[in-house]
Number of protein chains: 2
Amino acid sequence: MRPQDKHAKRRRVRPAGSVRERTYRYLRERLLAGRYAPKERLTEVAVARTLGVSRTPVREALHKLELEGLVEPAGGRGFRVPADSPAEMRELFEIRGLLEGHALACLAGSIERSVIAELEGLIERADEACNSGNLDLVFECNTRFHDLLYSQLAAERPRLHGLIEDMRDYVVRYRKNTLITKEGARRSVEGHKKIVLALSLGDRRLCEQLMRSHVREAQQDALAIRQDQQLINERK
Amino acid sequence: MRPQDKHAKRRRVRPAGSVRERTYRYLRERLLAGRYAPKERLTEVAVARTLGVSRTPVREALHKLELEGLVEPAGGRGFRVPADSPAEMRELFEIRGLLEGHALACLAGSIERSVIAELEGLIERADEACNSGNLDLVFECNTRFHDLLYSQLAAERPRLHGLIEDMRDYVVRYRKNTLITKEGARRSVEGHKKIVLALSLGDRRLCEQLMRSHVREAQQDALAIRQDQQLINERK
DNA sequence: TTTCGGAATTTTGGATACATTATGCCCGGC
DNA sequence: GCCGGGCATAATGTATCCAAAATTCCGAAA
């Protein structure tokens, strides 16, 4: 038994981890979900009051979020939610394509046959879900596809994996509704199919190219959703 | 006059910025310079006592360093200096090559003629310094070359630029002595020459390839230095 | 009416005191 | 001699207090 498990029972009473950790996750989740308006201010005291905790953990959470770029300092008046920037979105997707393309090229040489088989199974399920219009299930399958695909990467190249996960997180800001169109879901699954094929062929160059265009498609979807939202906002 | 300039005089009395900032830089500098032994523990109280400050800013500095990977949590006993990892070093250089190669491909299309001229001037100076064996001057020219080259990138693609700077910082851990061999300096300057040539040709593909191999050379130098150090350590 | 200066307020930065938790050692029992 | 429980210790986690800094707003003078 590991030493820290000794008091596991007591610790499980509290939701999870420290107040700082919880505060951080709370703010992060809301930020990524777009629950705060752009340029809205977040002060330590306000957050602390809302959560009923002291300023100390809130402070540390906010500083961590600043390092991640999810909030920006507002010159002596706390932090501010950064405004959406199409230019930044394009840049983030560009970097993502670069990193994930490279990651896949790496995986092409080392991935296990059994993993490929599992990936194929996941695609099959996603395909069926797509046909029946169950977009939530497609989303879940895609997530598991992603996790499985990158689990090996995490072991082989932890830094690259970490960077990719960071990029994915940042990008979430620009995809506020996880609601995907049916065509988008179809395209995504088709992209995964091609990728697994390239992977099974062990073609590094092809893997890289396919992953890049897969990311580019995701970017276009995000862009379309974004434009739709703007139209909606203008109507209001 | 901006409001914060009103007390500029008073603020200039203190070294620079907040205690947190200074603590952060202090630790960071020592960490990068290899002043702490691998696996050495760093506790909040110890650092706070050393610097004669309270735990609060030290804490925040340590957390920031943790996010950068310069220290790692030591399970309830503060932080620890991570042990060198050749695998991590390889990975970091690999990512650097990827990012910097892409960055240069981007610059190939947009860099100003005048900037190229400046870069050529810098190379010329570095070349002479190389011939006269003034390695410190070579280092300085290289640094200015780098800054100038990437100043435009910082404006066009701030995120990519930030990532590259991060990578360069991480990698510094593995190049503890800035002492470079004369051959290394020569190779570096020659690499820069080729890069500027490709840049003036506007050949994106060539830029990317040259930058990648430039980074690969830097990695090999770092590796060689590392091995030398290990030999020295074994003799002791 | 406009502008400049300063006081009040808001908010962060830093220090300290207290609570909590993990670790490691020591001692007793098997 | 080895294993296990418990206590001492050391370190982090959290809250609160005080200080410093920046913004805002108000009032007085030009």
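All values below come from the heavy atoms of this structure, side chains included, with hydrogens, waters and symmetry mates left out.
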Determine all donor-acceptor pairs shorter than 3.5 Å in which one atom belongs to a side chain in residues 102-115 of chain A; sequence neighbours excluded.
unit_1	atom_1	unit_2	atom_2	d
A:His102	NE2	B:Glu94	OE2	2.6
A:Ser110	OG	A:Gln152	NE2	3.4
A:Ser110	OG	A:Glu156	OE1	3.4
A:Ser110	OG	A:Glu156	OE2	2.8

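Salt-bridge formation is not detected for the pair B:Glu165/B:Arg96: no Lys NZ or Arg NE/NH1/NH2 atom is positioned less than 4.0 Å from an Asp or Glu carboxylate oxygen. Using a 4.0 Å cut-off between charged nitrogen and carboxylate oxygen, B:Glu29 and B:Arg25 do not count as a salt-bridge pair. The existence of a salt bridge linking B:Glu40 and B:Arg80 is excluded, since no basic side-chain nitrogen approaches an acidic carboxylate oxygen closer than 4.0 Å. In this structure, A:Glu91 does not pair ionically with B:Arg159, as no charged nitrogen and carboxylate oxygen lie closer than 4.0 Å.
Checking the phosphate oxygens (OP1, OP2) of D:dA15, a side-chain nitrogen or oxygen of A:Ser54 falls inside 4.0 Å.
Toward the 5′ end of DNA chain D lies the nearest nucleotide of A:Pro57, the other residue of the pair A:Pro57 and A:Ala74 mapping further downstream.
Listed by chain and number, the residues in a side-chain contact (heavy atoms from CB on, under 4.5 Å) with A:Glu118 are A:Leu148 (sequence neighbours excluded).
Atom CD of B:Glu21 is separated from atom P of D:dA21 by 16 Å (rounded to the nearest Å). Summarising the geometry, the separation between OH on B:Tyr24 and P on C:dG13 is reported as 16 Å, rounded to the nearest angstrom.
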Below 3.5 Å between N/O atoms, which protein atoms pair up with nucleotides 9-13 of chain D? Just atom names and distances, please.
unit_1	atom_1	unit_2	atom_2	d
D:dA10	O3'	B:Arg77	NH2	3.4
D:dT12	OP1	B:Glu44	N	3.0
D:dT12	OP2	B:Glu44	N	3.3
D:dG13	OP1	A:Arg20	NH2	3.3
D:dG13	OP2	B:Arg59	NH2	3.1
D:dG13	N7	B:Arg55	NH2	3.0
D:dG13	O6	B:Arg55	NH1	3.2

